[in-house]
2 protein chains.
Amino acid sequence: MYSLAEENYLKAIYHLESKSQGAVSTNAIADAMDTKPSSVTDMVQKLAEKEVLSYIKYKGTSLTKKGKKTAANVIRKHRLWEVFLVEKLNFHWDEVHDIAEQLEHVHSEELISRLDKFLGFPDFDPHGDPIPDKHGNVKPTEKKLLSELNKNQKGVCVGVKESNSDFLQYLDKKNITIGTKVSVLGKEFFDGSMVIQVGRDQFFISKKIAENLYIQTN
Amino acid sequence: MYSLAEENYLKAIYHLESKSQGAVSTNAIADAMDTKPSSVTDMVQKLAEKEVLSYIKYKGTSLTKKGKKTAANVIRKHRLWEVFLVEKLNFHWDEVHDIAEQLEHVHSEELISRLDKFLGFPDFDPHGDPIPDKHGNVKPTEKKLLSELNKNQKGVCVGVKESNSDFLQYLDKKNITIGTKVSVLGKEFFDGSMVIQVGRDQFFISKKIAENLYIQTN
DNA sequence: CTTTATTTTTAGCCTTGACTAAAAATAAAA
DNA sequence: TTTTATTTTTAGTCAAGGCTAAAAATAAAG
């Protein structure tokens, strides 16, 4: 069982590692966690003893298999709770992070497996990020911005990039939500605007909109 | 904002106070919280400074209005989460306490108010205990054991006393759950057995069963 | 290849919340 | 009303996690 602080470190290191290959620097962790490098050194040494990461002085850290699994599990919980908050409690996508940040530390395997079932075994959270399975595996996914698709390509909406209230309301009006199928009927190279099909509706969208919607294409 | 430890103390003192009128002794708190009296003294002095309780050396403590409200709010959260776990995630009544113990410390007014709505504004948790409102008020309730009712009295099932698996399965079979209306059609003084009406069914129950079901009669 | 700048670590201290052992109040018994 | 027992408090420690300031590595520049 890991403490709240330990879980947060593992999570942060997991994210940093996936963004920039290779060992993660002490400063980078301190930065991500809004804490001081000296505190990071302490914690990282402690976590190295618990064998969730390997740490070489002055060289940085990287998660072990065990550490990756633990981190992925915390992330799994975070994302499942986000789905719950949006789908069941009708929060908006951009309101749920802080709450999920707390809920992710509730310890109970059974709780999470039942929550998963209750939510219909979702694959993505409301931001379009994939939800790891209970073994910590993340399905490799083909997530693109809608603006990167070309004519006749299609996919499923899995999230938004930046979520301001106006944009979310626009999506609402157009009946676009997580899981909605979207097809590109036409694309204007001139301004990046598109004509897309959503359900039985066809309509025009600007480049700005297209750059804010994540689509999964496989 | 109160720490996890502080919230747990407030909750424990609240419960102790409601059971035994007057100031609560240091030992009683230590006992309830499975900690040492010296630790309790420390914490209680800290909480007295925060004005959530009044404390007189060697005399004991009692919650202030502010403290009562805070404690009731934690209890409110605990009980709402228990309802969620049972009603939505299909946990059994006796499995939910430890999980709710963690969930109750998640800080978000909005979360709780939405959860409350999602659950249909329940008045009781799965154990039949009343859920305080957001101001910390507990509706004064007329909760009795079914065995205390007499012929022609009726009420609503609000919980169970002891919940073992066999008993819960029995209730399941008879379609008795939280909110079920129950009427006493007959009562045998000889052995305490009863004939009751549940929905359109009428059947016989033993004293043992009747002593394990809480009924609200107002 | 030194010198300087940056990054990382160490050492020492702080707060929270708990503990033990000893002292001080209070309560009970003789 | 003393004496004894019980309860409560105080004093001093400890572990977790964080911080600051200073020292030590590493990297960058001259």
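Here the structure is a predicted model, which is why all the values come from computation and not from measurement.
Residue order along DNA chain D, read from the 5' end via each residue's closest nucleotide, puts Val40(B) first among Val40(B) and Ser3(A). Each of Pro37(B) and Tyr58(A) lies near DNA chain D, and the nucleotide nearest Pro37(B) is the one positioned closer to the 5' end.
One atom, CG of Asn8(A), and another, C1' of dA16(D), lie 14 Å apart when rounded to the nearest Å. To the nearest angstrom, C1' of dT6(D) lies 14 Å from CG of Asp31(B). Note: CE (Met43(A)) to P (dA15(D)) measures 16 Å, nearest angstrom. Computed from coordinates, the Ile29(B) CD1 to dA18(C) P distance equals 12 Å when rounded to whole Å. Between the CD1 atom of Ile56(A) and the P atom of dT9(C) there is a distance of 11 Å, given to the nearest Å. Put simply, CG on Leu4(B) is 17 Å from P on dA16(D), counting in whole angstrom units. What separates CG of Asp42(A) from C1' of dC19(D) is a distance of 10 Å, to the nearest Å. Between Tyr55(B) atom OH and dT10(D) atom P the separation is 6 Å, expressed in whole Å.
Using a 4.0 Å cut-off between a side-chain N of Lys or Arg and a carboxylate O of Asp or Glu, Asp129(A) and Lys143(A) qualify as a salt bridge.
Ring geometry, Phe118(A) versus Phe118(B): the interplanar angle exceeds 60°, so the pair is classed perpendicular (tilted spans 30 to 60°). Classification of the Tyr170(A)-Phe167(A) ring pair by plane angle, with boundaries at 30° and 60°, yields parallel. The aromatic rings of His78(A) and His97(A) are tilted relative to each other, their planes meeting at an angle between 30° and 60°.
Side-chain nitrogen and oxygen atoms of Thr35(B) include at least one within less than 4.0 Å of the OP1 or OP2 phosphate oxygen of dC19(C). Dashed line: the shortest gap from a side-chain N or O of Asn27(B) to OP1 or OP2 of dT6(D) is not under 4.0 Å. Lys57(A) has a side-chain polar atom (N or O) that falls below the 4.0 Å cut-off from OP1 or OP2 of dT10(C). Note on Tyr2(A): every side-chain N or O is 4.0 Å or more away from OP1 and OP2 of dA16(D). OP1 or OP2 of dC19(C) sits under 4.0 Å from a side-chain N or O of Ser39(B).
As judged by a 4.0 angstrom heavy-atom cut-off over every strand, Thr26(A) is placed among residues touching the sugar-phosphate backbone only. Ser38(B) comes within 4.0 angstrom of a base, heavy atoms only.
Taken from CG in Leu171(A) to NE2 in His92(A), the straight-line distance is 10.5 Å, to the nearest 0.5 Å.
When distances are taken from the side chain of Thr41(B) to each of dA27(D), dA11(C), dT10(D), the shortest belongs to dT10(D).
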